[in-house]
Trainee: 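For reference, the structure I am asking about is given below.
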Amino acid sequence: MEVTNLTMNDDRLTSSEITNLWIQYIRETMAICISNYVLATVKDSEIRTLFKFCLELSEKHLEVLKKFLNKENFPLPIGFTDKDVNLEAPPLFTDLFWLQYIHTMTTHGLSGYSMSFSSSVRKDIRNHYYQCNIDTMEVYNQSIDILLSKGIYERDPYFSTPQNPGFITELGYAIDVLGKKRHLNTMEAGNIYINLRKSIVAKGIILGFQQVTKDKKIRKFMEDGLSLLNKHIGIFSSILHEENLHSPRLLDTHVTDSKMAPFSDKLMLFHAGFMFNLGMVYYSNAMAVSMRVDVITHCESSILRDLKLTTSWGNIMIKKGWIEKPPQANDRKKLPDE
């Protein structure tokens, strides 16, 4: 009973809490670099105001994270600094691209903060991620309102309203029978469309990055990433088109002809790998709710291709010395004798 009471009253950070705070710290430093560059180049007043708000949130979150980690005597990650952004570089992306970018990244943030909140135990940590969710929902609202006001937000496909509820009564609903496939349901079509939107933003970012990096290995990784994204976009767009449903427009034309890198190779490579890691997450989510075997197979294949590419990404990051080591469990065999 005494051990149980001690466990219940233990206020040390759990491994999940440490991981969430540590990862968020690095990502917030990257977000600050990106927001500062956007504010140095963007012309649209609404988009500028939105990114100024995002910068203020990232700086606020970073201060909270510093307090948490310092209180626990955890060394602060290096993350990204002013050295990783070139505010003198001309625009690499148009204003409208940055608007699409922040909207998409905000959807990722909402998922990530929800998971961080649900895996936290300490009340102060829960309060932090509760506030992060509120902050990110505000960014989402602002970004989608601007997209709608400019008439450039693309809604996912509409479906006719069914007259009555129904049940699945045949195995053919999930399995192709004699090469015949049923029509997509709303869950499948919605997930495909949303994931396409994320892939299209990822393609735009990586297209710009491969254009300005001077490192041959990093450029090769970006080129491989573009090839992979084109493949995925083609596959999932064709599934929608077969059903006479529209797919999102590409953002390739929103990459300028600038050859000057706005960010360090370290930041650009980190960001690219981050996008492919996110890709595996949203393909997994789509696979979990899909019931058509071809959609499931395409999601699984996409995950495997992304996994192979992120292995290459990890090798480059390690050789460059750009991956920070996350906190690890104690090696009990190497603890000093008392």
Side-chain angles (χ1 to χ4, degrees), residues 24 27-64 79-113 131-156 194 196-209 211-212 248-264 267-268 271 274-275 278:
Q24 186 190 359
R27 291 177 181 172
E28 293 289 3
T29 61
M30 181 180 75
I32 288 172
C33 290
I34 292 171
S35 291
N36 276 323
Y37 170 70
V38 175
L39 289 172
T41 56
V42 74
K43 303 299 182 184
D44 186 283
S45 59
E46 288 183 301
I47 300 173
R48 169 180 287 276
T49 299
L50 176 60
F51 270 90
K52 185 177 180 182
F53 179 60
C54 292
L55 176 60
E56 291 169 354
L57 290 180
S58 289
E59 290 175 338
K60 180 184 75 172
H61 294 165
L62 197 61
E63 287 305 309
V64 175
F80 300 94
T81 68
D82 292 343
K83 295 180 180 180
D84 293 296
V85 58
N86 179 11
L87 300 181
E88 302 300 319
L92 181 57
F93 304 98
T94 67
D95 291 5
L96 292 181
F97 177 87
W98 283 120
L99 178 58
Q100 296 279 7
Y101 167 87
I102 198 62
H103 177 71
T104 298
M105 294 303 290
T106 300
T107 63
H108 292 311
L110 285 169
S111 298
Y113 288 140
Q131 185 61 49
C132 285
N133 271 293
I134 292 175
D135 293 341
T136 310
M137 284 189 285
E138 180 58 31
V139 176
Y140 179 89
N141 280 337
Q142 290 188 29
S143 64
I144 199 169
D145 283 345
I146 298 172
L147 285 164
L148 289 168
S149 70
K150 294 181 182 297
I152 57 175
Y153 184 81
E154 296 181 276
R155 290 177 168 86
D156 43 311
I194 291 169
L196 273 169
R197 186 184 290 145
K198 295 172 182 175
S199 295
I200 286 168
V201 169
K203 182 190 175 187
I205 278 287
I206 293 172
L207 182 62
F209 287 173
Q211 180 175 294
V212 297
R249 291 191 296 266
L250 295 174
L251 296 172
D252 300 19
T253 57
H254 290 279
V255 181
T256 73
D257 59 359
S258 173
K259 294 288 186 179
M260 184 181 296
F263 307 112
S264 66
L267 188 149
M268 291 190 292
H271 198 330
F274 174 55
M275 300 300 277
L278 287 174

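Values below: all heavy atoms of this structure, side chains included; hydrogens, waters and symmetry mates excluded.
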Trainee: What's the spacing between I146 CD1 and D95 CG if we round to 0.5 Å?
Mentor: 11.0 Å
Trainee: Can you find a heavy atom in the side chain of V201 that is under 4.5 Å from one in the side chain of M105?
Mentor: no
Trainee: Closest approach of T107 and Y140, non-hydrogen atoms and distance?
Mentor: CG2-CE1, 3.8 Å
Trainee: What closest approach, in Å, do C33 and T81 show between heavy atoms, and which atom pair accounts for it?
Mentor: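 Looks like SG-O, 3.3 Å.
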Trainee: Measure the shortest side-chain to side-chain distance between I152 and L99 over non-hydrogen atoms and say whether it is less than 4.5 angstrom.
Mentor: yes
Trainee: How many angstroms lie between atom OG1 of T41 and atom CD of E88, to the nearest 0.5 angstrom?
Mentor: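 Rounded to the nearest 0.5 Å, the OG1-CD separation comes out at 11.5 Å.
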Trainee: Restricting to non-hydrogen atoms, name the atom on L62 and the atom on E28 that form the minimum distance, rounded to 0.1 Å.
Mentor: CD1-CB, 4.1 Å
Trainee: If you measure from OG1 on T106 to CE on M137, what distance do you get to the nearest 0.5 Å?
Mentor: 12.0 Å
Trainee: Between the main-chain N or O of L39 and the side-chain N or O of R48, is there a donor-acceptor pair closer than 3.5 Å?
Mentor: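 A pair under 3.5 Å: yes.
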Trainee: Can you give me the closest heavy-atom contact between S264 and D84, atom names plus distance?
Mentor: OG-OD1, 2.7 Å
Trainee: Please find out if less than 6.0 Å separates the ring center of H103 from that of Y153.
Mentor: yes
Trainee: Does T256 use its side chain to pair, donor to acceptor, with the backbone of P91 at less than 3.5 Å?
Mentor: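 Yes, T256 side chain to P91 backbone: donor-acceptor pair under 3.5 Å.
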Trainee: Applying side-chain contact (heavy atoms from CB on, under 4.5 Å), run through E46 and K150 and close with a yes or a no.
Mentor: CA-CA 10 Å; E46 288 183 301; K150 294 181 182 297; 3.3 Å; yes
Trainee: Could you tell me which non-hydrogen atom of F263 sits nearest to which non-hydrogen atom of M268, and how far apart they are?
Mentor: O-CE, 3.5 Å
Trainee: May I ask you to test the V212-M260 pair for a side-chain heavy-atom distance under 4.5 Å?
Mentor: no
Trainee: Has E59 got a side-chain atom pairing as donor or acceptor with I32's backbone, closer than 3.5 angstrom?
Mentor: no
Trainee: Test H254 against W98 for side-chain contact (heavy atoms from CB on, under 4.5 Å), laying out the working first.
Mentor: CA-CA 9 Å; H254 290 279; W98 283 120; over 6 Å; no
Trainee: To the nearest 0.5 angstrom, please state how far the CG atom of L196 sits from the CG atom of D156.
Mentor: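 So the gap between those two atoms works out to 11.0 Å.
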Trainee: Answer yes or no: is there an ion pair linking R249 with E154, defined by an N-O contact shorter than 4.0 Å?
Mentor: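 Judged by the 4.0 Å cut-off on N to carboxylate O distance, R249 and E154 do form a salt bridge.
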Trainee: With a 4.5 Å cut-off on side-chain heavy atoms, are L278 and K198 touching?
Mentor: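 Counting from C-beta outward, K198 and L278 never come under 4.5 Å.
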Trainee: Under the 3.5 angstrom rule, does the side chain of T29 hit a backbone N or O of F80 as a donor-acceptor pair?
Mentor: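 Yes.
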Trainee: Would you name the heavy atoms of Y37 and V85 that are closest together and state the gap between them?
Mentor: CB-CG2, 3.8 Å
Trainee: Output, in order, the C-alpha distance, side-chain angles, deciding distance and verdict of side-chain contact (heavy atoms from CB on, under 4.5 Å) for L251 and K203.
Mentor: CA-CA 8 Å; L251 296 172; K203 182 190 175 187; over 6 Å; no
Trainee: Would I134 and Q131 count as a side-chain contact (heavy atoms from CB on, under 4.5 Å) here? Give the steps.
Mentor: CA-CA 5 Å; I134 292 175; Q131 185 61 49; 4.1 Å; yes
Trainee: Name all residues meeting the salt bridge (charged side-chain N to carboxylate O under 4.0 Å, His left out) criterion together with D135; count only those two or more places apart in sequence or in a different chain, and write none if there are none.
Mentor: K60
Trainee: In this structure, is the centre-to-centre distance between the rings of Y101 and F93 below 6.0 Å?
Mentor: no
Trainee: Hey, what do you get for CE (M275) to OG (S199), rounding to the nearest 0.5 Å?
Mentor: 8.5 Å
Trainee: Just verifying a value: how many Å separate I34 CD1 and I102 CD1, rounded to the nearest 0.5 Å?
Mentor: 8.0 Å
